[in-house]
Engineer: 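The structure under discussion is supplied below as structure tokens; questions concerning it will follow.
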Amino acid sequence: MKKQSFIKGALIISLGGIVAKVLGAFYRIPLTNILGGKGMGVYQMVYPLYCLLLTVSATGIPSGLARIVSHAEAQRGPAGSSAILRRSLALFSAIGLIGSVLMLAVAPAMAAAQGEPLAVSAYRMLAPSVFLVSVISCFRGYFQGKSNFLPTALSEIVEQAVKISLGLYFAQIYAGNVGKAVSAALFAVTLSEVAAACFMFLYRFAQGSAVRRPLYAERAQNVRFSSLLRFTLPVTVAAGILPLSNILDSIIIVNLIGRYSDRATALYGLYSGGANTLVNLPVSVCYGLAAAIIPVIASLYAVKKEGEAEQKVAFALKCTLFIAVPSAAFLFAFPSEITRLLFRSVTGQEGVWLVRLVRIMSVTTILLSAVQTLSACLTGRGKPKIAAISMTAAVGVKLALEVVLVRIPRVSIAGAAIASIGCYFVALLVNLLYIIRDKKILARTGLDLVRFSACAAGGVGAAYFLRFAGVFAVAGVTVAVYLALAFLLGCFAPGEIDLFGRRKNVNHRRFGLFPRRFIGGR
């Protein structure tokens, strides 16, 4: 299959992720009505472990393998990447199988520690997904390394479709028995991973001559397990640091606020479940850019084109800022309108705190999105350890700031929001200085940030006086004015936005009132 361009690949994987997330969000409403408070309590008690696993495996293995596959294809052609797929399946399937067995074995102990006997069966129903996600992640990394992002997007939609249909069906059948209903709904998650794995096998088989023998049977020479782990483990560690830090957040924040307030749990819920959720929406849209840039960077470094690779890094960061900056501006300008629409039950003093948190954390939309993209670029360059180290240091800064700020009653939960800004700023600074060494490219990136900020200010400024017309009207005006200003200021050249990957061998002028020469696109 023909490789997809960077922009086209990013759009495909982002759209797939958006569709999957929207389906997942709507799934929770009828599921809650069927399971009730008790059932959803058990479901939420077990499901975060799967989410943590999914975060680590769905980011770590595919990102690491994408770099290895694209690097191998640039040097040895398709035969090398096929060997990598076979070896990665052998390695990570074994690791996933061990994880599934361990989850089955420790289910009683985990349920006992949580004080909920009904969770035992729920853990066991979810355990096989550990193995299945590992298999799926190998295929996703393989196809992403070949700059083919369609299988990843489609498999995510298949997962959600099967989970929703079977989950609601099973939960309804056992609606009279909370334990069985929860276990059956979680078993639907495992079946959704079975469906996604089957889809990936069939898609791979449909490539024709690419599959001559069973994937697990053929020996792959010159591809060592140590080489696979060298790139996937650091990415996995980097992906798992934030979810693990969230566990520490819940302990630190609740205990510190609990010293002077009886609303510690509620305030933490506003921070983690409310403000963080809103901030992460644009970040999840930018994930497609991060996934799509890895094979591009890896291929360029494989053929020793470091200068061109830095140009591509800067362009990926530019595209990220193009989405993240107006999103942050919108969250900062209209937090009360957004929260009233999405969190109608949060009123009074809690509503005031939620608006305050969203406004403070709006800047983290830019920082976290940029960190996500630059971490992917470091993986493509073959330096995933730098991303892991920078995120570890950043989380250390975050936890230290939380301990200092949250204990102050006047600051309270706002201290956690401020700490998150410090966290992502540190990670961004380290990643940026390491991946882009050319000062001219850094200066141009800074200019891009200024341009997008000016356009975003114009967009929210034009919409501000229409804020009483509703969020959707305000969002429409903001987007329209932002895009118009981006065009007029010449933020992108024609050669930069090319969905179909055509090569540009002629000079281009920028769009807008202030064009300047642009050669070949970044």
Engineer: If you compare all heavy atoms of Tyr424 against all heavy atoms of Val371, which two are closest, and at what distance to 0.1 Å?
Structural biologist: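 That closest heavy-atom pairing would be O-CG2, 3.5 Å.
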Engineer: Backbone N or O of Cys491 within a donor-acceptor pair of the Arg451 side chain at under 3.5 Å?
Structural biologist: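 No, the answer is negative, given that no donor and acceptor are paired below the 3.5 Å cut-off.
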Engineer: Which is it for Ile164 and Leu31 under the side chain to side chain contact (heavy atoms under 4.5 Å, CB included) test, yes or no, and what are the steps along the way?
Structural biologist: CA-CA 9 Å; Ile164 292 171; Leu31 186 65; over 6 Å; no
Engineer: Decide, yes or no, whether a salt bridge links Lys439 with Glu310 under the criterion of side-chain N to carboxylate O below 4.0 Å.
Structural biologist: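 A salt bridge is absent here (no side-chain N lies under 4.0 Å from a carboxylate O).
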Engineer: I'd like to know whether Val397 forms a side chain to side chain contact (heavy atoms under 4.5 Å, CB included) with Cys423, so could you lay out the CA-CA distance, the side-chain angles of the two residues, the decisive distance to 0.1 Å, and finally the verdict.
Structural biologist: CA-CA 6 Å; Val397 171; Cys423 169; 5.7 Å; no
Engineer: Distance from Ile253 atom CD1 to Tyr271 atom OH, nearest 0.5 Å?
Structural biologist: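 So the gap between those two atoms works out to 5.0 Å.
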Engineer: Could you check whether any side-chain N or O of Arg467 sits under 3.5 Å from a backbone N or O of Tyr464, counting only pairs where one atom can act as donor and the other as acceptor?
Structural biologist: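 Judged by distance alone, yes, a pair lies under 3.5 Å.
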Engineer: Are Asn276 and Met361 side-chain neighbours, meaning at least one heavy-atom pair lies under 4.5 Å?
Structural biologist: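 Yes, close enough: below the 4.5 Å cut-off.
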Engineer: Has the side chain of Ser261 got a donor or acceptor atom that lies under 3.5 Å from a matching backbone atom of Gly258?
Structural biologist: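 Such a contact is absent between Ser261 side chain and Gly258 backbone.
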Engineer: To the nearest 0.5 Å, what is the distance between CD on Gln311 and NZ on Lys305?
Structural biologist: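 It comes to 13.0 Å.
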Engineer: Please determine whether salt bridge (Lys or Arg N to Asp or Glu O under 4.0 Å) holds for the pair Arg140 and Glu159, giving the CA-CA distance in whole Å, both sets of side-chain angles, and the decisive distance to 0.1 Å.
Structural biologist: CA-CA 13 Å; Arg140 286 176 176 168; Glu159 279 178 343; 3.3 Å; yes
Engineer: Which atom names give the shortest non-hydrogen contact between Ser420 and Thr364, and what distance separates them?
Structural biologist: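 Nearest heavy atoms, Ser420 then Thr364: OG-CG2, 3.6 Å.
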Engineer: Just wondering, do Thr478 and Phe334 contact through their side chains at under 4.5 Å, heavy atoms?
Structural biologist: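 The answer is yes, as the side chains (C-beta and beyond) meet within the 4.5 Å cut-off.
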Engineer: Hey, does the side chain of Ser137 reach the backbone of Ser134 with a donor-acceptor pair shorter than 3.5 angstrom?
Structural biologist: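 Looks like no, no N/O pair under 3.5 Å.
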Engineer: Identify the two heavy atoms, one from Val283 and one from Ser369, that lie closest to each other, and give their separation to 0.1 Å.
Structural biologist: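 Smallest heavy-atom distance, with atoms named: CG2-OG, 3.4 Å.
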Engineer: Please tell me whether Thr365 and Ser327 have a donor and an acceptor in their side chains that are separated by less than 3.5 angstrom.
Structural biologist: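 On atom types as modelled, these side chains do not qualify, holding no pair under 3.5 Å.
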Engineer: Please check: side-chain N/O of Ser375 versus main-chain N/O of Gln372, any donor-acceptor pairing under 3.5 Å?
Structural biologist: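 No, the answer is negative, given that no donor and acceptor are paired below the 3.5 Å cut-off.
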Engineer: Indicate yes or no for a side-chain donor-acceptor contact from Thr339 to the backbone of Ser336 under 3.5 Å, with no hydrogens or angles considered.
Structural biologist: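 Yes.
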Engineer: Let me confirm one number: the SG-CG distance from Cys455 to Leu489, rounded to the nearest 0.5 Å.
Structural biologist: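 Taking SG in Cys455 and CG in Leu489, the distance rounds to 4.5 Å.
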Engineer: Answer yes or no: is there a side-chain heavy-atom contact under 4.5 Å between Arg444 and Lys440?
Structural biologist: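 No, side chains not in contact.
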Engineer: May I ask you to test the Ser412-Ile257 pair for a side-chain heavy-atom distance under 4.5 Å?
Structural biologist: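 Answer yes - side chains close enough.
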Engineer: Would you say Leu399 and Asp249 make side-chain contact, with heavy atoms under 4.5 Å?
Structural biologist: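 Yes, at least one pair of side-chain atoms sits under 4.5 Å.
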Engineer: Looking only at the side chains, is there a donor atom on one of Ser192 and Gln160 sitting less than 3.5 Å from an acceptor on the other?
Structural biologist: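 No donor-acceptor contact under 3.5 Å links the two side chains.
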Engineer: Distance-only, no hydrogens or angles: does the Tyr482 side chain make a donor-acceptor pair with backbone N or O of Phe322 under 3.5 Å?
Structural biologist: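 Present.
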Engineer: Checking side chain to side chain contact (heavy atoms under 4.5 Å, CB included) for the pair Phe330/Val471: CA distance, chi angles, key distance, verdict?
Structural biologist: CA-CA 10 Å; Phe330 190 79; Val471 172; 4.2 Å; yes
Engineer: Please examine the side chains of Ile413 and Val406, heavy atoms only from C-beta on, and report whether any two atoms are closer than 4.5 Å.
Structural biologist: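 A side-chain contact is absent here, since even the closest heavy-atom pair is not under 4.5 Å.
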Engineer: If you take all heavy atoms of Leu354 and Ala275, which pair is closest and at what distance?
Structural biologist: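 For Leu354 versus Ala275, the nearest heavy atoms are CD1-N, 3.7 Å.
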Engineer: Between Asn148 and Gln144 (side chain of the first, backbone of the second, donor and acceptor by atom type, cut-off under 3.5 Å), is there such a pair?
Structural biologist: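 Checking the backbone N and O of Gln144 against the side chain of Asn148, no donor-acceptor pair under 3.5 Å is found.
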Engineer: Honestly, is Lys318 close enough over Phe492, meaning NZ or CZ under 6.0 Å from the six-membered ring centre and within 45° of the axis?
Structural biologist: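 Judged by the rule (NZ or CZ under 6.0 Å from the ring centre, within 45° of its axis), Lys318 counts as positioned above Phe492.
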Engineer: If I take atom CE from residue Met391 and atom CD1 from residue Ile386, how far apart are they, to the nearest 0.5 angstrom?
Structural biologist: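 The CD1 atom of Ile386 is 13.5 Å from CE of Met391, to the nearest 0.5 Å.
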Engineer: Between Val460 and Ala333, what is the shortest heavy-atom contact and its length?
Structural biologist: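 Residues Val460 and Ala333, closest heavy atoms: CB-CB, 4.0 Å.
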Engineer: Pair Asp448, Leu317 - check side chain to side chain contact (heavy atoms under 4.5 Å, CB included), show working.
Structural biologist: CA-CA 9 Å; Asp448 289 334; Leu317 184 56; over 6 Å; no
Engineer: Please tell me if the side chains of Tyr434 and Leu378 come closer than 4.5 Å, counting only heavy atoms from C-beta onward.
Structural biologist: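 Yes, side chains in contact.
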Engineer: How long is the straight-line distance from CG of Leu278 back to CG of Leu357, given to the nearest 0.5 Å?
Structural biologist: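 The CG atom of Leu278 is 10.5 Å from CG of Leu357, to the nearest 0.5 Å.
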Engineer: Side chains of Glu350 and Arg263: does their closest heavy-atom pair fall under 4.5 Å?
Structural biologist: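 A side-chain contact exists here, since the closest heavy-atom pair is under 4.5 Å.
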Engineer: Atom CD in Glu308, atom CG in Leu300: separation rounded to 0.5 Å?
Structural biologist: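 Those atoms lie 5.0 Å apart.
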Engineer: Ignoring hydrogens, what is the shortest heavy-atom contact between Leu466 and Val474? Give both atom names and the distance.
Structural biologist: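 Smallest interatomic distance, heavy atoms only, reads O-CG2, 3.4 Å.
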